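Below is one structure, written out as C-alpha cells, with a few remarks after it.
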Amino acid sequence: MVVYEIVPHVGVGAVNLGMSRADARAVMPELRPLLLFDGSVPDGDYRDLAHDNAFQVTYDSPDGKIEFIELGQTAAMGVTFAGQLILSLDADEALGILTAQASYDETDPELGHSYIFPALELSVWRPSVPKDDGDLDGRHFATIGIGVAGYWSAA
C-alpha cells in the first residue's frame, strides 16, 4: 500500500499546493484528467485523478495551479496526518488529532458530515453519521482535503 502524508499549507507527497498541472503530472505521472465515456473531459472540470480516483487534484483553471487536493481511503492507498492513518481512525479519534492542531468551523451547515478547519485550510468529510441505534455507518471519515491559502478561511 502506498501511503501519503497530507501537510496543510504544503501538499501531499511531492504534489504541492500552487503547483502547475504540468509539474504535478511530472512528479506524479499517474495523475490523469477525469474522462467521460466518450473520452472527453467534462466542461469546467479542472481535476486530475489517481489511485482509482481516491487522489484528486483540483486546479484553478485548465492549465492552472493546484488549489485543492482531496484524498480518500482505499485498500491500495493510505493517508496520514500527524503520523496517523487519519481515515482509518474512528471519526472521534480523528477529530481529536485534528482539533489538537486547530478549531473547526462550528457554523458549517453540514457539521457532522463535514468538519472544516480554516486555519489549516483542511476539511474532512463522511457521507453519513453514526446512528444511535448502533448502525456503524459514518464511523470513519471518507475523505480529507487541503486547499491553498483562503480556500476555507476566506470570508
Side-chain angles (χ1 to χ4, degrees), residues 1-21 23-25 27-34 45-60 64-155:
M1 169 170 57
V2 62
V3 177
Y4 293 100
E5 176 77 11
I6 191 164
V7 181
H9 309 291
V10 177
V12 177
V15 179
N16 292 319
L17 295 165
M19 182 180 269
S20 73
R21 192 172 216 169
D23 288 345
R25 287 178 176 173
V27 298
M28 191 173 179
E30 54 269 50
L31 283 173
R32 295 286 179 250
L34 173 69
D45 192 272
Y46 309 140
R47 286 183 296 163
D48 280 343
L49 311 167
H51 300 292
D52 293 325
N53 301 339
F55 192 117
Q56 296 192 19
V57 177
T58 304
Y59 304 91
D60 58 9
K65 307 281 185 195
I66 296 173
E67 66 178 3
F68 192 72
I69 304 169
E70 186 172 40
L71 303 147
Q73 187 74 19
T74 69
M77 185 183 90
V79 184
T80 61
F81 175 83
Q84 299 289 320
L85 282 168
I86 199 77
L87 299 178
S88 297
L89 300 175
D90 179 83
D92 290 336
E93 188 176 354
L95 280 175
I97 291 168
L98 292 163
T99 56
Q101 303 285 322
S103 317
Y104 59 82
D105 177 1
E106 294 182 16
T107 66
D108 178 3
E110 294 186 12
L111 196 61
H113 291 273
S114 68
Y115 292 83
I116 297 170
F117 297 81
L120 299 174
E121 303 294 359
L122 181 144
S123 63
V124 289
W125 175 83
R126 58 185 169 182
S128 63
V129 294
K131 297 175 182 67
D132 291 334
D133 63 6
D135 183 358
L136 297 180
D137 283 347
R139 207 172 41 142
H140 300 93
F141 288 108
T143 65
I144 185 169
I146 54 170
V148 295
Y151 193 86
W152 292 115
S153 62

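Here, residue 1 is the first one in the sequence, and each next residue gets the next number. Note that the structure is a prediction, hence the values are computed from the model and not measured. Computation of the quantities below employed the complete heavy-atom set of this structure, encompassing side-chain atoms and omitting hydrogens, waters and symmetry-equivalent molecules.
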- prompt: Which heavy atom of Ile69 sits nearest a heavy atom of Gly11, and at what distance?
  reply: CD1-CA, 4.2 Å
- prompt: Roughly how far apart are Tyr104 OH and Leu98 CG, rounded to 0.5 Å?
  reply: 11.0 Å
- prompt: For the atom pair NE2 (His140) and CD (Glu93), what is the distance rounded to the nearest 0.5 Å?
  reply: 9.0 Å
field: Approximate separation, where rounding is to 0.5 Å, of Ile116 CD1 and Leu111 CG
entry: 9.0 Å
query: Do any N or O atoms from the side chain of Glu67 and from the backbone of Gly147 form a donor-acceptor pair under 3.5 angstrom?
result: no
Atom pair CD1/CG of Ile146 and Asn16 - distance to nearest 0.5 Å: 8.5 Å
query: When you look at Phe117 and Leu95, which way does the side chain to side chain contact (heavy atoms under 4.5 Å, CB included) test go after all the steps?
result: CA-CA 10 Å; Phe117 297 81; Leu95 280 175; 4.0 Å; yes
task: Look at the side chain of Glu121 and the backbone N and O of Ser153, then say whether any donor-acceptor pair between them is shorter than 3.5 Å.
output: yes
- prompt: So, for Leu120 and Ala102, which heavy atoms are closest and what is the spacing to 0.1 Å?
  reply: CG-CB, 3.7 Å
message: Under the criterion side chain to side chain contact (heavy atoms under 4.5 Å, CB included), I'd like the reasoning laid out for Phe55 against Glu30: C-alpha separation, chi angles, the key distance, then a yes or no.
response: CA-CA 10 Å; Phe55 192 117; Glu30 54 269 50; over 6 Å; no
Passing option when Phe81 is tested against Leu71, Leu122, Val7 for side-chain contact (heavy atoms from CB on, under 4.5 Å): Leu122
field: Shortest non-hydrogen separation from Ala50 to Leu31 and the atoms involved
entry: CB-CD2, 3.9 Å
Glu106, CD atom: more than 12 neighbouring heavy atoms under 6.0 Å: no
- line: To the nearest 0.5 Å, atom NZ of Lys65 lies from atom OG1 of Thr58 at 16.0 Å
- request: Dump the intermediate steps for side chain to side chain contact (heavy atoms under 4.5 Å, CB included) on Phe68 and Trp152, then the final yes or no.
  value: CA-CA 10 Å; Phe68 192 72; Trp152 292 115; 3.7 Å; yes
- prompt: Which atoms form the tightest heavy-atom contact between Ala54 and Met77, and what is the distance?
  reply: O-CE, 3.5 Å
field: Among Gln73, Arg126, Glu70, side chain to side chain donor-acceptor pair (under 3.5 Å) partner for Thr143
entry: Glu70
message: Using the side-chain contact (heavy atoms from CB on, under 4.5 Å) definition, which of the options Val15, Val12, Leu17 pairs with Val57?
response: Val15
task: Mark yes when over 12 heavy atoms from residues, nucleotides or ligands other than Asp52 sit less than 6.0 Å from its CG; otherwise mark no.
output: no
query: Got a sec, which residues hit side-chain hydrogen bond (donor to acceptor under 3.5 Å, both in side chains) with Asp90, two or more places apart in sequence or on another chain?
result: none
message: Determine whether Tyr59 and Ile66 satisfy the following criterion, side chain to side chain contact (heavy atoms under 4.5 Å, CB included), listing intermediate values before the conclusion.
response: CA-CA 4 Å; Tyr59 304 91; Ile66 296 173; 3.5 Å; yes
query: Nearest 0.5 Å, what's the CG-CZ distance between Asp48 and Arg25?
result: 4.0 Å
- prompt: Where is the tightest heavy-atom contact between Asp23 and Met19, given as atom of each residue plus distance?
  reply: CB-CG, 3.5 Å
- prompt: Where do Pro8 and Ile6 come nearest, in terms of heavy atoms and distance?
  reply: CD-O, 3.8 Å
